[in-house]
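These notes concern the structure reproduced below.
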Amino acid sequence: MAFRTPEVPIMTNAFTFDAKSFDTAQLESVFFGPARAFAALSIDFTEKLVAAQLDATKGYADANLAQLRRLVEVKDAEGLKSYLEGQQQVAKDLAERLKGDADKVAALQQDFVQGSQKLTEGSVKQAQQGLKQATETATKAVKETAPKAK
C-alpha cells in the first residue's frame, strides 16, 4: 500500500495588490495625493514646533545666564539685596514667557488639527465622488451589456 499525500489547493495571498486595476490619476487622487498632503502638513507642524522649542530654550538659557552674571557681580549685602529683589521681576518675566510659549504651542496644535480635518474632509469627499463615478460607470456598463446578452 503506497502512501499518498492529499492534494492541497494552492493558497493565494489575500493581500496581493494589483496596481493594474488603478490608473495613475486614481492612485494620485485616492492615495498618494492625500498621503503627500498630510505628510507635508506634519512636516510643517514639526518644523514650527521645533523652532518654537528652540526659541523658548534659547530664551530660558539667556535669562538664566543673565541671572548668573548678575549673581557673580554681587560684592556686598546691598548688592545681594538688589539681586534678590530683582528675582521677583525675573520670576514674573519667566512666568509670562512660559504662558506665551504655551499659547504658541497650543496655537500650532490647533492649526495642525484644523489642517488635518480639512484634509480628511477633502479626502472623504473625493472618495465619495470616486465611488459615485465608479457606481455610475458600472451601472451604465450593466445596462449596455444586459440587452446584448439576451
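With a 6.0 Å radius and a threshold of 12 heavy atoms from other residues, nucleotides or ligands, Q88 has its CD atom at or below the threshold.
In summary, R97 and D101 engage in a salt bridge, as defined by a charged side-chain N under 4.0 Å from a carboxylate O. Salt-bridge annotation for K48 and D44: absent, with no side-chain N of the basic residue lying under 4.0 Å from a carboxylate O of the acidic one.
S82 places no side-chain N or O within donor-acceptor distance of the main-chain N or O of E78, the cut-off being under 3.5 Å.
Looking at every heavy atom in both residues, S116 comes nearest to F38 through OG-CE1, 3.6 Å. V74 and L80 make their closest contact through CG1-N, 3.5 Å (heavy atoms, listed as atom of the first residue, atom of the second, distance).
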Q) How far apart are the C-alpha atoms of Q67 and Y83, what are their side-chain angles, what is the distance that settles it, and do they pass the side chain to side chain contact (heavy atoms under 4.5 Å, CB included) test? A) CA-CA 9 Å; Q67 286 305 101; Y83 173 79; 3.8 Å; yes
Q) Hey, mind stepping through L98 and Y60 against side chain to side chain contact (heavy atoms under 4.5 Å, CB included) and telling me if it holds? A) CA-CA 9 Å; L98 277 168; Y60 300 133; 3.2 Å; yes
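Atom CD of Q87 is separated from atom CG of L71 by 8.0 Å, given to the nearest 0.5 angstrom. The distance from atom OG of S42 to atom CG of L119, rounded to the nearest 0.5 Å, is 9.0 Å. Taking NZ from K132 and OG1 from T135, the interatomic distance works out to 10.0 Å, rounded to the nearest 0.5 Å. Of the inter-residue distances, the one linking K104 atom NZ with D55 atom CG reads 4.5 Å to the nearest 0.5 angstrom. Atoms CD and CG, on Q114 and L41 in that order, are 11.0 Å from each other to the nearest 0.5 Å. Note that CG of D103 and CD of Q110 are 12.5 Å apart. Values are rounded to the nearest 0.5 Å.
Every pair tested for salt bridge (Lys or Arg N to Asp or Glu O under 4.0 Å) that includes a residue from residues 109-121 fails, sequence neighbours excluded, so the list is empty.
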